[in-house]
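See structure below.
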Amino acid sequence: MAKTIKIRAKAKDGVTTVKSLITHPMETGLRKNKKTGKLIPAHFIQEVVCKHNGKEVINCEWGASISKNPYLAFKFKGGKKGDTIELSWKDNTGQSDSITTKIR
Amino acid sequence: MKLDQKRRVFLKGSVAATSVGFAVGAGLLTPSAVLAAWNKSAFEAKAVDKAIGGALGNPTTSPSDKISIKAPDIAENGAVVPVSIKADLDGVTEIALLVEKNANPLSAIFHLPKGTLPDVSTRVKMGKTGDVIAVVKANGKLYSARKSVKVTIGGCGG
């Protein structure tokens, strides 16, 4: 799967800010295809996990009402330049993706 | 299709579609030792208190001014409403984000291990004007805050 995640992690004064954008349709299952009139099946991210040096720093459970191409930002204490940040997601159809980056 | 018609479709479709969608989702979920299982019943709940109860174990919350929700007063496009939740509380373990007027109010649950600050941002869809609700679990107690957001174009009809 093509890379779906953009991520940026920055450490400042002992706090690391992680910002990420995921490319995903986030279909609620409530919309209809305008041509066929059939419902577009639900397709949305259910779990997002972010790890700092292998230790979990956030675990999100998402519903279908998160916007298309979701944005997530959060902060955690600790973390320094060069540390590893890993973010992964999994959706309701079993697709998933992950990315590893370094704190800047 | 006019907006009014879309709204009809949305309302009619919502009940049937959610159950199908969630059934599909549930069937394909694979349990994992690392990840908590996706909280199906809470995300399926149609009432706000049931969603909170399902997500955090208890539907009763006390309002708190220590929680701040940053969201626009008027959202021009309900499909993308930026929301930030910040809590000035110690021992926060979970933050739940709900949109009161959506068919399934629960939008997200954030599990925060020790060391992660109670400060998260994301973007949600809002079907119509209503409140965004943040519920914060701190030291086992539930606190909540609301912010009303006026939506001029609904986010679910497309």
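Labels below follow one simple rule: chain letters A, B, ... track the order of the sequence lines, proteins then strands, and each chain is numbered from 1.
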Just how far is it from atom CG of B:Leu112 to atom CD1 of A:Ile58, taken to the nearest 0.5 Å? 5.0 Å
Say whether B:Leu89 and B:Leu117 are linked into one hydrophobic cluster, either directly or through other cluster members, by side-chain heavy-atom distances under 4.5 angstrom. no
Backbone N or O of A:Gly63 within a donor-acceptor pair of the B:Trp38 side chain at under 3.5 Å? no
Go through the atoms of A:Lys55 and report whether side chain, backbone, both or neither lie under 4.5 Å from a heavy atom of chain B. side chain
Are B:Ile69 and A:Trp62 connected into the same hydrophobic cluster when the rule is that any two of I, L, V, M, F, W, Y join if their side-chain heavy atoms are below 4.5 Å apart? yes
Please tell me if the side chains of A:Ser65 and B:Asn104 come closer than 4.5 Å, counting only heavy atoms from C-beta onward. no
Measure the OG-CE distance between A:Ser67 and B:Met126 for me, rounded to the nearest 0.5 Å. 10.5 Å
Between A:Val18 and chain B, with a heavy-atom cut-off of 4.5 Å, which part of the residue counts as in contact: side chain, backbone, both or neither? neither
Does some side-chain heavy atom of B:Phe110 sit less than 4.5 Å from a side-chain heavy atom of A:Glu61? no
Quick one: does A:Lys68's side chain have a donor or acceptor within less than 3.5 Å of a partner on B:Lys125's backbone? no
How many angstroms lie between atom SG of A:Cys60 and atom CD1 of B:Ile109, to the nearest 0.5 angstrom? 10.0 Å
How many angstroms lie between CZ in B:Arg123 and CE in A:Met26, if you round to the nearest 0.5 Å? 11.0 Å
Approximate separation, where rounding is to 0.5 Å, of A:Thr17 OG1 and B:Asp119 CG: 8.0 Å
Are A:Leu21 and A:Ile103 grouped together when hydrophobic residues (ILVMFWY) are joined by side-chain heavy atoms under 4.5 angstrom apart? no
Cluster check A:Val57, A:Ile7: I/L/V/M/F/W/Y, side chain < 4.5 angstrom: yes
Checking B:Val99 against chain A: side chain, backbone, both or neither under 4.5 Å from a heavy atom? neither
Donor-acceptor pair, distance only, cut-off 3.5 Å: does the side chain of B:Thr116 make one with the backbone of A:Phe76? no
State whether the number of non-hydrogen atoms from other residues, nucleotides or ligands found under 6.0 Å of B:Lys50 atom NZ is greater than 12. no
Bottom line for A:Ile40: the part with an atom under 4.5 Å from chain B's heavy atoms is neither
Measure distances from B:Val81 to the heavy atoms of chain A and classify the residue's part below 4.5 Å as side chain, backbone, both or neither. backbone
For the OG atom of B:Ser121 and the CZ atom of A:Phe74, what is their distance to the nearest 0.5 Å? 11.0 Å
Mark yes when over 12 heavy atoms from residues, nucleotides or ligands other than A:Asn33 sit less than 6.0 Å from its CG; otherwise mark no. yes
Do A:Tyr71 and A:Ile99 share a hydrophobic cluster, counting only Ile, Leu, Val, Met, Phe, Trp and Tyr and linking them when any side-chain heavy atoms are less than 4.5 Å apart? no
